[in-house]
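Report on one structure; see the data block that follows.
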Amino acid sequence: MFSRTIVGSLVALFALHAAAVDKTSNPDLVAKLKTAATQLDRLNLLPSDSDWLYDFTSHPYYTFQPGGVINANAATFPATVGYGMTLAILNLGPCSMLPPHYHPRASNFVVAVQGTTDTYMIEENGARRIQETLTPGKMTIFPQASIHMMVNTGCENAQLVSALNSEDAGTHNIGNALFGLPSELVNAAMGYNNIDTNSTSGAIPSVGTGSTYGTKECLARCAKRKERTF
């Protein structure tokens with residue numbers, strides 16, 4: 001049976017929003033691209049040079065306060081249709097994180113380009129937790145449907161590039177999913193610890209930019225460091 005301390009820690013950890021939901025920018029064009037008979041037909045649907053350019057930095061989720069996930073995929077960049085992949089920029093401000101989540105339709109290759117990021121992954125029941133520290137030029141893999149998270153442990157910005165082998169990888173927020181189930185069943189799964197699942201569910205933020213702030217210890221450490229620079 002879980003102790004109340006462990007359950008409380010899990011609730012605090014899961015009460016965070018995960019990667020953002022992408023809205024399809026041009027549903028009609030995406031539908032036509034998916035049903036085009038040939039590549040030349042697809043090219044005719046993308047007649048302008050600008051159709052082939054995606055600017056990550058112009059996306060509203062391109063922020064380091066606390067951070068953001070910016071996906072180039074079928075929803076946001078129609079030219080990706082038919083190539084079977086998503087490319088994403090992951091921005092993590094000081095002490096920020098991507099909370100526990102998984103991608104139901106894709107494996108995920110992630111490489112660091114700036115800062116220091118700790119990653120955690122558990123693939124399935126019985127599997128051990130895999131932890132890595134990514135600095136620029138280092139990468140790790142999150143297999144399809146594995147639960148994983150990423151944390152900037154430093155006081156400077158961190159940035160990573162993520163490649164997924166689907167143009168519609170999907171992202172599933174563990175916290176929202178768990179506390180969206182019937183409360184009595186969640187309590188049973190948590191060892192009958194009388195968790196107030198209704199109030200917990202209500203406290204979980206809706207999906208945002210894809211990032212949230214991490215531990216209080218890190219935030220306090222970075223705040224003190226900032227004070228010493230003035």
Side-chain angles (χ1 to χ4, degrees), residues 16-26 30 46 49-121 132-144 146-174 205-214 218 222:
L16 301 166
H17 50 75
V21 173
D22 293 317
K23 294 183 178 179
T24 304
S25 61
N26 192 331
V30 170
L46 302 165
D49 287 353
S50 63
D51 292 330
W52 295 87
L53 181 68
Y54 185 76
D55 184 0
F56 287 96
T57 64
S58 68
H59 196 284
Y61 294 163
Y62 194 92
T63 177
F64 288 93
Q65 297 178 344
V69 176
I70 309 95
N71 293 316
N73 57 20
T76 64
F77 186 27
T80 63
V81 171
Y83 296 102
M85 72 173 294
T86 293
L87 193 68
I89 295 291
L90 313 178
N91 289 343
L92 294 173
C95 302
S96 69
M97 59 189 282
L98 301 187
H101 64 280
Y102 69 91
H103 304 291
R105 294 180 291 278
S107 295
N108 190 4
F109 286 40
V110 177
V111 60
V113 296
Q114 179 184 348
T116 300
T117 303
D118 285 346
T119 70
Y120 304 86
M121 185 269 287
E132 304 293 350
T133 297
L134 301 183
T135 52
K138 295 181 180 178
M139 69 163 286
T140 192
I141 299 171
F142 304 126
Q144 181 174 346
S146 62
I147 296 174
H148 57 278
M149 61 186 301
M150 290 166 260
V151 186
N152 178 0
T153 58
C155 300
E156 306 294 335
N157 291 337
Q159 190 174 63
L160 307 98
V161 175
S162 170
L164 302 100
N165 63 334
S166 171
E167 61 206 42
D168 182 25
T171 298
H172 201 177
N173 179 0
I174 302 299
S206 60
V207 174
T209 64
S211 176
T212 189
Y213 287 110
C218 182
C222 292

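Between Pro99 and Met149 the shortest side-chain heavy-atom distance does not fall below 4.5 Å. Counting heavy atoms from C-beta outward, Asn91 and Asn157 have side chains that stay 4.5 Å or more apart. Put simply, the side chain of Cys218 does not reach to within 4.5 Å of the side chain of Thr153, judged on heavy atoms. Tyr54 is not listed as a side-chain neighbour of Thr80, based on a closest heavy-atom distance of 4.5 Å or more. Between Thr212 and Met97, the closest side-chain pair of non-hydrogen atoms falls below 4.5 Å. Considering only heavy atoms from C-beta on, Val69 stays 4.5 Å or farther from Tyr61 through its side chain. The closest side-chain heavy-atom distance from Ile89 to Val113 is not below 4.5 Å. Put simply, the side chain of Leu87 reaches to within 4.5 Å of the side chain of Val161, judged on heavy atoms.
Between His101 and His103, the two ring planes are perpendicular [angle over 60°; tilted spans 30° to 60°].
In this structure, Thr135 contributes its side chain and Thr116 its backbone to no donor-acceptor pair below 3.5 Å. The main-chain N or O of Gly82 is found under 3.5 Å from a side-chain atom of Glu167 such that the two form a donor-acceptor pair. With hydrogens and angles ignored, the 3.5 Å screen pairs a side-chain donor or acceptor of His148 with a backbone N or O of Ser146. A donor-acceptor pair is defined here as one N or O able to donate and one able to accept, closer than 3.5 Å; no such pair exists between the side chain of Asp22 and the backbone of Ala75. Between the side chain of Asn73 and the backbone N or O of Thr76 there is at least one donor-acceptor pair closer than 3.5 Å. Side chain of Gln144 to backbone of Pro104: a donor-acceptor contact under 3.5 angstrom is found.
Separating the CD1 atom in Ile174 from the CD1 atom in Ile147 is a distance of 4.0 Å, to the nearest 0.5 Å. Separation of atoms CD1 (Ile70) and OG1 (Thr209) is listed at 8.5 Å; rounding is to 0.5 Å. Atom CD in Glu132 sits 5.5 Å away from atom OG1 in Thr119 (nearest 0.5 Å). To the nearest 0.5 Å, atoms OG1 (Thr117) and CD (Gln159) are separated by 10.0 Å. How far CG of Leu164 is from OG of Ser107: 8.5 Å, rounded to the nearest 0.5 Å.
A pairwise comparison of heavy atoms in Ala158 and Phe64 identifies O-CE2, 3.4 Å as the closest pair. Across all their heavy atoms, Asn71 and Ala88 have their closest contact at OD1-CB, 3.1 Å. Minimum heavy-atom separation, Gly68 to Ser211: N-CB, 3.8 Å. Between Val151 and Tyr120 the shortest heavy-atom distance is CG2-CE1, 4.2 Å. Taking each heavy atom of Asn152 and Gly154 in turn, the nearest pair found is OD1-N, 2.9 Å. Looking at every heavy atom in both residues, Asp51 comes nearest to Ala79 through O-CB, 3.5 Å.
A donor and an acceptor atom, one from each side chain of Thr57 and Asp55, are located under 3.5 Å apart. Between the side chains of Asp118 and Thr133, at least one donor N or O sits under 3.5 Å from an acceptor N or O. Of the N and O atoms on the side chains of Ser162 and Asn108, at least one donor lies less than 3.5 Å from an acceptor on the other residue.
Disulfide check for Cys155/Cys222 passes, with the SG atoms closer than 2.5 Å.
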